[in-house]
Asker: 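My questions will all concern the structure given below.
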Amino acid sequence: MGTTETELMLKGYGLTTAEFFYHMPDHIHVLNTFVWQDYDLAPDHPKLFGFIEFWQREIDGPLHSVRFTHRKMISPGEWRNVVGEFLLH
C-alpha cells in the first residue's frame with residue numbers, strides 16, 4: 001500500500017508543478033507544452049529530475065525548456081494532533 005498525500009506532506013514533501021516546452025517530432029519548429037505534477041522534495045527534486053531523464057531517454061520530442069514551481073502545503077510544525085474537547089454550556 002502506498003503512502004498517502006498527507007503522510008508525504010508531513011514528511012516534508014511539497015507539490016511540484018512543471019511545464020515542459022518541447023518540439024513536436026514531426027514539426028520541429030512547433031513548440032508544445034506538457035504539465036506534470038507530483039509530490040517531491042526540494043531543493044533536490046529527485047522525482048522531477050527523474051522524469052526529465054525519462055523524457056530525454058524515451059520521448060521523441062526534444063525538450064526546449066522546463067519551468068517549475070514547488071509549494072509545501074503543510075509542514076510538520078503546522079500540524080498537531082488534538083486530543084480532548086471543551087464544552088461550554
Asker: Could you grab the distance from atom CE of Met24 to atom NE2 of His29, nearest 0.5 Å is fine?
Answerer: 13.5 Å

Asker: Would the distance check show the side chain of Asp40 and the main-chain N or O of Lys47 forming a donor-acceptor pair, the cut-off being under 3.5 Å?
Answerer: yes

Asker: To the nearest 0.5 Å, how far apart are CZ in Phe21 and CG in Asn32?
Answerer: 10.0 Å

Asker: Looking at Phe20 and Ile52, what are the two nearest heavy atoms and their distance?
Answerer: CE2-CG1, 3.6 Å

Asker: Spell out, as yes or no, whether a donor-acceptor pair under 3.5 Å connects the side chain of Trp55 to the backbone of Gly61.
Answerer: yes

Asker: Once you measure the plane-to-plane angle for Phe34 and Phe51, does it fall in the parallel (<30°), tilted (30-60°) or perpendicular (>60°) bin?
Answerer: parallel

Asker: Just wondering, do Pro62 and Ile28 contact through their side chains at under 4.5 Å, heavy atoms?
Answerer: yes

Asker: Would you say that more than 12 heavy atoms from the other residues, nucleotides or ligands in this model lie under 6.0 Å from the CZ of Arg57, or not?
Answerer: yes

Asker: When rounded to the nearest 0.5 angstrom, what distance separates CE in Met9 from OG1 in Thr4?
Answerer: 7.5 Å

Asker: State yes or no: do Phe54 and Trp36 share one hydrophobic cluster built from I, L, V, M, F, W and Y residues joined by side-chain heavy-atom distances below 4.5 Å, directly or via other members?
Answerer: yes

Asker: If you round to the nearest 0.5 Å, how far is CG of Asp60 from NE2 of His23?
Answerer: 14.0 Å

Asker: What heavy-atom pair brings Leu41 and Pro46 nearest, and what distance separates the two atoms?
Answerer: O-CD, 3.6 Å

Asker: Looking at CG of Leu48 and NE2 of His70, how far apart are the two atoms once the value is rounded to the nearest 0.5 Å?
Answerer: 10.5 Å

Asker: Looking at every heavy atom in both Tyr39 and Leu8, which two are closest together, and how far apart are they?
Answerer: CB-CD1, 4.0 Å

Asker: Relative to the ring of Phe49, is the ring of His45 parallel (under 30°), tilted (30 to 60°) or perpendicular (over 60°)?
Answerer: perpendicular

